[in-house]
Number of protein chains: 2
Amino acid sequence: MSKNMHPLDESLLPWIGKTTKALDHFITEMFASCGIQLTKAQFILLRVLAKHEGIKQNDLASFASREKTTLARLLTTMEKKNLVYRKGSDTDKRTNLVFISPQGKEELDKAIPALVESLQLIQSGITKKELSITLGVLQRIRKNINADEFSNPCKH
Amino acid sequence: MSKNMHPLDESLLPWIGKTTKALDHFITEMFASCGIQLTKAQFILLRVLAKHEGIKQNDLASFASREKTTLARLLTTMEKKNLVYRKGSDTDKRTNLVFISPQGKEELDKAIPALVESLQLIQSGITKKELSITLGVLQRIRKNINADEFSNPCKH
DNA sequence: AATAGTTGGTTGCATATACAACCATCCCCA
DNA sequence: TGGGGATGGTTGTATATGCAACCAACTATT
């Protein structure tokens, strides 16, 4: 290893992205082949929503780690597909409360076990120890990034 | 750990995605604050292109792990920014050969050291052993996925 | 040489994402 | 009570991405 390799190619950077992309693709395909009409983003949102029925859009955005504009448009798409619905709050005319629809629950109830089962394949041949180390590394990276958000490698 | 946690939340799935997103955001911000006019996708493409000048679009797409349509539009954007240019092949009227422009090289030459330096921050507190294990896990996941691309957890 | 199949690339459509700017409403405080 | 700031959401614009369908050009096979 490390013979004439560029430091960037030896780092985790390229591989994290590639793995994410591969996983996204895999999940999308798997859902489709199971007749589950969800994208990955929609699945994530439904999971959050199932635990927080009647949540405000902006809070939902926080829980799902998405910008409010992204979330607003995602909700619009999902509303058209009858996965969720918005309901104006009685006490605050600005606020939309968001609910998962029966059909959304149905898709979610199909998607979760399918994904759990896929975990067997995805993580096969990897020990618990390795998984745990990897998880730690990923979380450490996020912590490093968020801690020093304003560091700047360019000396102007 | 693992007290009443859903298997999905204990798996790597959510964290890989979150880390990728955090890294994307970090890199974009870092580039911007360094006056580097590149997105992450454009940076990746420039790196490939710097090693394969005059490559065909479709081959470039392969190297960069992107669909040819994605690549075509990415190139158009980058051409407008004078980062790359296309040149019709003499021997095959269908083919575009793609080249990095002087300005593209310039941006790349700023971006690479900036990113290398950021690696210090990103990977700080993580041992070589941990990095190596994580890399192995990520690559194993990709292998698992690609190997069994047609497996289907739904028994119809 | 004609046809059929392959390869190279673009366009139409759709999703996901985010920043900036905006409007509407609410809330607090002077 | 009224004005200024905070909060909730949408719209405009942009990037990145991929599938399906398409056209154009090359190649191989008969």
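Proteins get letters first, then strands, A, B, ... in listed order; numbering begins at 1 in each. Side chains are part of it too, since the values below use all heavy atoms of this structure and drop only hydrogens, waters and symmetry mates.
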In this structure, how many angstroms lie between the P atom of C:dT17 and the CZ atom of A:Arg73, rounded?
12 Å
Remember a base hit wins even if backbone is also touched, and classify A:Thr95 as base, sugar-phosphate or nothing at under 4.0 Å, heavy atoms.
sugar-phosphate
Side-chain N or O of A:Asn58 versus OP1/OP2 of D:dT7: is the shortest distance under 4.0 Å?
no
Take A:Leu74 and B:Arg86, find for each the nucleotide of DNA chain C with the closest heavy atom, and name the residue whose nucleotide sits nearer the 5' end.
B:Arg86
B:Met78 CE to D:dT17 C1', straight-line distance once rounded to whole Å:
15 Å
Would you kindly give the NZ-to-P distance between A:Lys81 and C:dA14, to the nearest whole Å?
13 Å
Using a strict cut-off of less than 4.0 Å between a Lys/Arg side-chain nitrogen and an Asp/Glu carboxylate oxygen, indicate whether B:Lys105 and B:Glu53 qualify as a salt bridge.
yes
Could you check whether A:Asn96 and A:Gln57, counting side-chain N and O atoms only, form a donor-acceptor pair closer than 3.5 Å?
yes
Interatomic distance, A:Leu83 atom CG to A:Gln37 atom CD [nearest 0.5 angstrom]:
9.0 Å
Ignoring hydrogens, what is the shortest heavy-atom contact between A:Asn144 and B:Gln123? Give both atom names and the distance.
ND2-C, 4.0 Å
Whole Å only: how far is the CG atom of A:Leu75 from the P atom of C:dA18?
14 Å
Which nucleotide in C:dA16, D:dG9, C:dC26 has an atom nearest any side-chain atom of A:Lys93:
C:dC26
SB check B:Lys128 A:Glu10 (cutoff 4.0 Å)
no
May I have the distance from B:Lys21 (atom NZ) to C:dC19 (atom P), rounded to whole angstrom?
10 Å
Among D:dT17, C:dC19, D:dT15, the one nearest any side-chain atom of B:His25 is C:dC19
Side-chain N or O of B:Thr70 less than 4.0 angstrom from OP1 or OP2 on D:dG18?
yes
N-O pairing of A:Arg47 and B:Asp9 below 4.0 Å:
yes
Separation of atom CZ in B:Arg66 from atom P in C:dG9, rounded to whole Å:
17 Å
At a heavy-atom distance below 4.0 Å, what parts of residues 41-57 of chain B sit against DNA chain C?
B:Lys56, B:Gln57
Whole-Å distance, A:Lys80 NZ to C:dA14 P, equals 9 Å
Under 3.5 Å side-chain donor-acceptor pair for B:Gln103 and B:Lys81:
no
Base, sugar-phosphate or nothing for A:Leu71? Non-hydrogen atoms, less than 4.0 Å.
nothing
Please report, rounded to the nearest Å, how far the C1' atom of C:dG8 is from the CZ atom of B:Arg94.
5 Å
Need to verify one output field. Residue with the more 5' nearest nucleotide on DNA chain D, A:Asp59 or B:Thr77?
A:Asp59
